[in-house]
Amino acid sequence: MMPASPSMLMRNRTWLIALAAYAVIVVPLMMTGLLYADVVVTAGIFFILVMAMDLLFGCAGLLSFGHIGFFAIGAYAPAVLAKFFAAPLFSGTLAGLAVNLVLALTLGRVFLRLSGSYFMLGTLAFGIMVHAVIRTWYPVTGGDAGLGDIPRVAIGTLSPQMSLALVIWVTAALLFWFSLNLSSSRVGRALRAIRGDAVSAACCGVDVARLRINLFALSACYASISGSLFAAYNGAVHPDSFALSALLDVLLMLFFGGEGTIWGALIGVTLLRVLPDVSGPLQAGKILFSGVLFAVIIFLFPMGVAGALKDGVKRFARARSGARTSEAAAGTSGSATVAPGRGAAGDTVTAVTGAVGLRAAGAAGGMPAAVIEVEGLGQSFGGLRAVDAVSFSVEAGSIRSLIGPNGAGKSTMLNLLSGVQPVREGRVTGLGQPLAGLSPDRIARLGVRRTFQHERLFPHLSVIENVMVGCESGSDGSVGDLVRCGLALPSTRAEAQRARAASLVWLERIGLADRADDAVSELPHGLRKLVEVARAVAAVPQVLLLDETAAGLNATEKARLKTLLRSLRAEGVTTLLIEHDMAFVMDISDRILVLDFGRLIAEGPPDVVRRDPAVLAAYLGA
Ligand code: ADP
Ligand code: MG
């Protein structure tokens, strides 16, 4: 059985606290009759819409202003279908979903190519266009008059209003459950990885483009459902409900609640829908109230109520575990503080090394096969030849160093091998197949993993979650993966537990198991570079590409890295590493490649390269 990690416990505890806080606010208000059922029901509708925004922004860092458009289409679809075909509510909802799905998949393909603020502007344009269309397409949407007579639903003997309230909150609860699962799963980690660093996420095997498009579509579906429920509840639709001011309300709910937590949406929606309606005087100055609130949130709680709550719980958990650690240290049972899950982790490491061992045996069977073959590889930046007609091959299960002065083209070479830069000149074969033309995530999934010269960890994930993204190869971004993770199928949950256990083993191997649940920003530079190595090796890659990893490590950390690289070689992993520390390079490499001005000037075992006159002249400056 997998022990629950502190972060898992914390996550569960925090959202339990959130639900408790919710009940504490809502139940007494309802019982005293201060809170109208109407407000609670519309809170459910907006909860779905804000969750949609949070999945997109809080997880993947994409702030969409177009969701008010999807919401509007979701609302108008049942109204229009009822008017022209007397269609029941359910078919209207489905029609809205279908239209939004097609729109989201199409728009996603265009907008998601735009970065940051351009994505926001693109989606904003869409939102404004939808609003303009519903206001002016009089024959279909009723223009400024809107549409009425949306069919009602009735469940059993319940009144239509109660039936709808039930439908709304059951739908909201189901989508809440789905979103929480998604957000804490492999897909959630992949999304946060993309939010932090899309290139580095791709190099861990995340299919960035596909995942973002499918998430955008999923989130548009949420907005659509929310829109249809909104129309059904009001019995009519009017363009004013879908104007930019409505979008601002939704954004306020998202940021007030706290983005990135999903349950923050519940708090944001409730407080912002409930509070002003409860307190009469505030209602009069609602816009002023919203403006002041926005300013307060931005200055005082940039992470919203949920963020502040989470912070509090984390500090509390820290203080308690600190107290427990010192208790344990004082008593005789000091081993109680050793990382839990050693048993599970131990099993995994056997499985892991077993797999590699087989590969090494295969390679040792005959002549060592070349794992990487590079022929006539070139790359120009303008007039600069960063890599110039380079050819070499690396045998399986060896450590090869790539050295050369600054600007020699070493990092560019790694970028070409890992697909970060497309190969335009020459051939690259990896693991027996051409790598040119493959995307970085495809190459990563084939078993080629890398680190970066300037560390590129995922700041929105903890240390162990960073390693887990590497271990589980992120996500292929398919609809199937989203659904599996959203439903939290037992198989996906078991996979996640295995990935956590295996990642913990890798952290133990680099001596960082006790920092597993820390934020990466809390680690010093050298340790962060080691975490990046763990993230790369956690997938048990066949080829490991390291760019100046030892730079910035102290002597102990360097020794740890050396031990790790040697044991990986024994397990059959092929390593190509860029390094400036000559003692490190000479000690660990089987063979060395020397680049100068993009050209390969020497190649051979350390003692030969060390004496090579061209190398001495170019590299050592002798
Ligand atoms: P090294 O890693 O050996 O220090 P790099 O591969 O980073 O060298 O760079 C090789 C040369 O290519 C340098 O002159 C660098 O300025 C240039 N270069 C690298 N990447 C780019 C880029 N994306 N655009 C323009 N020039 C680049
Ligand atoms: Mg470099």
Side-chain angles (χ1 to χ4, degrees), residues 113 115 197-203 208 372 374-392 394 399-428 430 435-437 439-440 443 448-457 525-526 528-530 532-533 535-536 543-553 558 561 565 575-586 588-589 591-604 606 609 612 614-621:
R113 293 211 181 129
S115 61
D197 191 325
V199 172
S200 163
C203 290
V208 176
I372 302 174
V374 172
E375 229 181 277
L377 190 64
Q379 171 73 43
S380 297
F381 295 112
L384 180 90
R385 290 294 284 164
V387 174
D388 194 6
V390 173
S391 304
F392 64 88
V394 183
I399 297 180
R400 178 72 60 104
S401 290
L402 182 57
I403 65 172
N406 276 330
K410 306 179 298 293
S411 296
T412 306
M413 175 79 77
L414 239 56
N415 287 343
L416 291 167
L417 290 177
S418 58
V420 168
Q421 218 131 42
V423 175
R424 299 218 169 80
E425 265 176 65
R427 279 192 328 124
V428 180
L435 296 185
S439 58
I443 294 179
V448 180
R449 293 298 167 101
R450 66 167 296 175
T451 66
F452 293 87
Q453 181 170 349
H454 305 288
E455 162 267 308
R456 294 175 82 160
L457 288 175
H525 177 70
R528 271 192 257 175
K529 292 205 102 172
L530 285 181
E532 213 189 9
V533 174
R535 184 179 73 185
V543 177
L544 180 61
L545 308 171
L546 302 178
D547 197 345
E548 299 195 19
T549 299
L553 296 191
K558 265 187 201 173
L561 177 65
L565 292 181
T575 304
L576 177 62
L577 71 116
I578 297 175
E579 198 40 74
H580 280 307
D581 179 339
M582 276 312 118
F584 189 95
V585 166
M586 294 299 163
I588 199 164
S589 318
R591 292 176 80 87
I592 298 175
L593 294 161
V594 190
L595 276 188
D596 193 21
F597 293 113
R599 304 188 134 257
L600 191 61
I601 57 165
E603 202 276 327
V609 167
D612 190 299
V615 176
L616 291 176
Y619 187 73
L620 303 173

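Order of appearance sets the numbers: ligands from 1, and atoms from 1 within every ligand.
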Asp388: what forms a salt bridge (charged side-chain N to carboxylate O under 4.0 Å, His left out) with it, not counting sequence neighbours? Arg385, Arg599

Sidechain-backbone polar pair: Lys410 side chain, Pro405 backbone, donor-acceptor under 3.5 Å: yes

Could Glu603 and Arg400 be called an ion pair, given the rule that one side-chain N must be under 4.0 Å from one carboxylate O? yes

So, leaving waters aside, the tally of protein N/O/S atoms less than 2.8 Å from the Mg ion (ligand 2) stands at 2

To the nearest 0.5 Å, how far apart are CG in Asp547 and CD in Glu579? 9.0 Å

If you measure from the Lys or Arg side-chain nitrogens to the Asp or Glu carboxylate oxygens, is any gap between Lys529 and Glu455 under 4.0 Å? no

Tell me, which residues have any heavy atom less than 4.0 Å from some atom of ligand 1? Phe381, Leu384, Ala386, Pro405, Asn406, Gly407, Ala408, Gly409, Lys410, Ser411, Thr412

If we ignore angles and hydrogens, is there a donor and acceptor under 3.5 Å between the side chains of Gln379 and Thr412? no

Any Lys/Arg nitrogen of Lys558 or Asp581 sitting under 4.0 Å from an Asp/Glu carboxylate oxygen of the other? yes

The side chain to side chain contact (heavy atoms under 4.5 Å, CB included) partners of Thr451 (sequence neighbours excluded) come to Glu532, Val533, Ala536, Leu546, Thr549

If we ignore angles and hydrogens, is there a donor and acceptor under 3.5 Å between the side chains of Ser391 and Arg427? no

